[in-house]
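Just the heavy atoms: all of them, side chains too, but no hydrogens, waters or symmetry mates, feed the values below. Order of appearance sets the numbers: ligands from 1, and atoms from 1 within every ligand.
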Amino acid sequence: MKKYSVLIVGGGSTYTPGMVLMLLSQLDRFPLRKIKLYDNDPERQEVIARACEIIIHEKAPEIEFLASTNPEEAYTDIDFAMAQIRVGKYAMRELDEKIPLKYDVVGQETCGPGGIAYGMRSIGGILENLDYMEKYSPNAWMLNYSNPAAIVAEATRRLRPNSKIINICDMPIELENHMATILGLKSRKEMDVRYFGLNHFGWWTEIHDKAGNDLMPRLKEHVRKYGYVEDESLYTDPKRDSWHATYQKARDILELDDAYLPNTYLKYYLFQDYVVKHSDKNYTRTNEVMDGREKDVFTACRKVAEDGHCHDDLFDVDNHATFIVDLATGIANNTHERMLLITENKGAIANFDPTAMVEVPCLVGKNGIEPLAMGEIPQFQKGLMEQQVSVEKLVVDAWITGSYHKLWQALTLSKTVPSATVAKQILDELIEANKGYWPELK
Ligand code: NAD
Ligand code: G6P
Ligand code: MN
């Protein structure tokens with residue numbers, strides 16, 4: 001079997017050690033000859049890289065390892081770039097969350113003004129990395145899960161239309177894992193799903209088992225009572241607390257429209273006031289992550305480097321990230337596996353903008369991805385999606401043209417923002433905070 005060379009872009013990410021362990025657990029179906037890390041922050045990547053080097057040397061010494069902050073060295077001779085960058089890191093994510101909250105508006109990584117601000121930072125970072133890939137490994141594919149994936153996808157659709165980039169989100173996968181547990185199935189792969197929406201903004205319309213039996217009634221019955229919380233006893237970790245509330249809130253989303261099962265991110269658009277009321281303006285999700293995942297991962301990496309070897313209990317293997325290997329092998333082996341991906345609509349949702357970047361089931365093959373037809377969608381979802389996709393398109397317009405007004409319109413149109421006045425106040429503060437990260441707006 002051919003062996004592949006993989007580059008993790010954003011090598012200093014908190015997800016990198018779990019991702020490396022996941023890749024090492026999948027070598028029988030996705031054999032590797034090289035694992036490389038690339039980041040533009042040498043200090044941050046160094047800590048993670050020293051641990052990864054020891055882990056790879058222990059578990060699969062035949063795989064070559066290299067960590068670099070030099071784009072040419074990193075991007076030369078790779079088959080896949082797995083991108084997980086966060087432009088501005090947690091310091092800027094914290095501001096994305098806290099600035100809108102000052103005005104009683106949702107403060108969230110990818111939704112509302114925070115997601116818009118993050119998008120204005122991410123577009124340049126992704127384009128820069130895509131250009132490195134095309135220069136040094138023109139046949140490679142970028143599998144991107146850097147956020148905000150919806151805005152990044154719209155930007156690359158417009159600015160790099162021929163690039164080999166596929167944008168993917170783990171939220172549907174995570175929720176399908178919950179559904180499988182709720183149903184007592186061994187794996188989410190025992191379900192066939194139909195789904196439509198935008199990234200962090202979608203609905204499951206049908207879920208069947210492999211024998212064709214309808215699983216929706218049982219799932220809805222559970223979600224009506226508990227949301228996507230499979231079992232309360234699984235939530236003993238306080239670091240996951242705010243996610244627990246998010247999984248629970250799906251019950252209220254389902255109550256509003258019980259035809260389909262919702263993506264949990266819809267709570268930020270449909271229950272904005274509730275979200276603001278239950279946010280701590282001084283301690284947001286970023287603070288939870290910095291005090292939790294970031295601290296744990298960096299402490300564990302330092303320990304591996306000190307001890308010179310890796311104890312098995314130090315890291316969680318990111319098993320749920322095996323979908324990235326599904327995607328890579330789908331391309332490499334032309335499997336035509338069906339996966340939920342972010343892609344240009346082109347009629348997949350019949351009564352929706354053909355140029356919108358939507359999230360729908362797609363077939364994955366050697367030449368890229370093909371969306372499956374989901375047909376017409378109802379007025380309620382269509383109205384919500386048209387508003388949200390317009391926000392995403394206006395952000396990209398603003399980034400390309402440097403237009404203050406386009407960005408003001410984007411914020412005003414976001415369902416999380418109450419008026420153009422509040423939109424302007426938040427925008428002006430975000431512009432100050434993002435100096436050096438955003439193009440200059442006129
Ligand atoms: P993190 O801050 O720990 O890691 C991101 C790394 O990217 C940092 O080391 C940073 O230095 C690096 N970076 C920033 N700009 C860069 C650039 N231009 N070139 C190269 N490297 C750059 O963040 P994290 O919490 O581990 O998350 C990483 C990314 O993955 C985020 O974008 C997050 O939103 C995303 N994510 C997406 C999904 C999904 O479903 N799509 C799931 C989880 C995380
Ligand atoms: C889910 C989403 C990602 C998002 C992440 C945030 O996995 O699909 O897009 O980045 O949650 O998680 P965090 O633990 O950083 O808040
Ligand atoms: Mn996501």
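Contacts of Glu288 with ligand 2, taken as heavy-atom pairs under 4.0 Å, are absent altogether. The side chain of Trp243, and not its backbone, has at least one atom closer than 4.0 Å to an atom of ligand 2 (non-hydrogen atoms only; side chain from C-beta on). For Asn129, every heavy-atom contact with ligand 1 shorter than 4.0 Å involves the side chain, none the backbone. Contact annotation: for Arg86 versus ligand 1, heavy atoms closer than 4.0 Å belong to both the backbone and the side chain. When heavy-atom distances to ligand 2 are checked against a 4.0 Å cut-off, Tyr90 has no atom that comes that close, whether in backbone or side chain. If you look at Glu294 next to ligand 1, there are no close heavy atoms at all, none under 4.0 Å. Counting heavy atoms under 4.0 Å from ligand 1, residue Glu109 touches it through the side chain alone. Here Glu174 has no heavy atoms under 4.0 Å from ligand 2, in either its backbone or its side chain.
Between Glu306 and Arg302 there is no salt bridge, since no side-chain N of the basic residue sits under 4.0 Å from a carboxylate O of the acidic one.
Those atoms of ligand 2 with a heavy atom of Cys169 less than 4.0 angstrom away are 8 (O). The atoms of ligand 1 that sit less than 4.0 Å from any heavy atom of Lys89 are 10 (C), 11 (O). Those atoms of ligand 1 that come under 4.0 Å of a heavy atom in Tyr118, given as number and element, are 31 (C), 32 (O), 33 (C), 34 (O). The Thr14 neighbourhood of ligand 1 comprises atoms 3 (O), 24 (P), 25 (O), 26 (O), with distances under 4.0 Å to a heavy atom of that residue. In summary, the atoms of ligand 2 found under 4.0 Å from a heavy atom of Asp170, numbered by their order in the structure, are 1 (C), 2 (C), 3 (C), 7 (O), 8 (O). Ligand 1 places these atoms under 4.0 Å from at least one heavy atom of Asp41: 11 (O). Each of the atoms 39 (C), 40 (O), 41 (N) of ligand 1 lies under 4.0 Å from some heavy atom of Cys169. For ligand 1 and Arg44, the ligand atoms under 4.0 Å from any heavy atom of the residue are 1 (P), 2 (O), 3 (O), 8 (C), 9 (O). For ligand 2, the atoms closer than 4.0 angstrom to any heavy atom of Arg93 are 13 (P), 15 (O), 16 (O). Less than 4.0 angstrom separates some heavy atom of Glu128 from each of these atoms of ligand 1: 18 (N).
Selection from Glu109, Arg285, Met171 by nearest heavy atom to atom 16 (O) of ligand 2 gives Arg285. Across Thr14, Asn147, Val289, heavy-atom proximity to atom 10 (O) of ligand 2 is greatest for Asn147.
No option in Tyr265, Tyr195, Phe196 other than Phe196 meets the ring pair (Phe, Tyr, Trp, His ring centres under 6.0 Å) test with Trp203.
Below 3.5 Å of separation, one finds no N or O of Ala149 facing any N or O of ligand 1. Between Ile85 and ligand 1, at least one N/O pair is under 3.5 Å apart. Between Asn40 and ligand 1, an N or O atom pair is found at a separation short of 3.5 Å.
Side-chain contact between Leu430 and Met120 is absent, with no heavy atoms from C-beta onward closer than 4.5 Å.
In terms of the side chain to side chain contact (heavy atoms under 4.5 Å, CB included) criterion, residue partners of Ala67 (sequence neighbours excluded) are, by chain and number, Leu37, Gln45, Ala49, Phe65. Partners of Phe30 according to the ring-ring contact (aromatic ring centres under 6.0 Å, His included) rule, which considers only residues two or more places apart in sequence or in another chain, are Tyr4, Phe80.
Under a 4.0 Å heavy-atom criterion, Ile126 is not in contact with ligand 1. Heavy-atom separations between Arg293 and ligand 1 include at least one value shorter than 4.0 Å.
A donor-acceptor pair under 3.5 Å links the side-chain atoms of Lys220 to the main chain of Ala259, judged by distance alone.
Tyr90 OH, 2.5 Å is the protein heavy atom nearest to atom 25 (O) of ligand 1. Nearest non-hydrogen protein atom to atom 11 (O) of ligand 1 is Asp39 OD1, 2.7 Å.
For residues 277-300, the ring pair (Phe, Tyr, Trp, His ring centres under 6.0 Å) pairs, not counting sequence neighbours, are Tyr274-His278.
Between Glu73 and Ser68, the side chains place a donor N or O and an acceptor N or O closer than 3.5 Å (distance only, hydrogens not considered).
For the Mn ion (ligand 3), the set of protein N/O/S atoms nearer than 2.8 Å consists of Cys169 SG, His200 NE2, ordered by chain and number.
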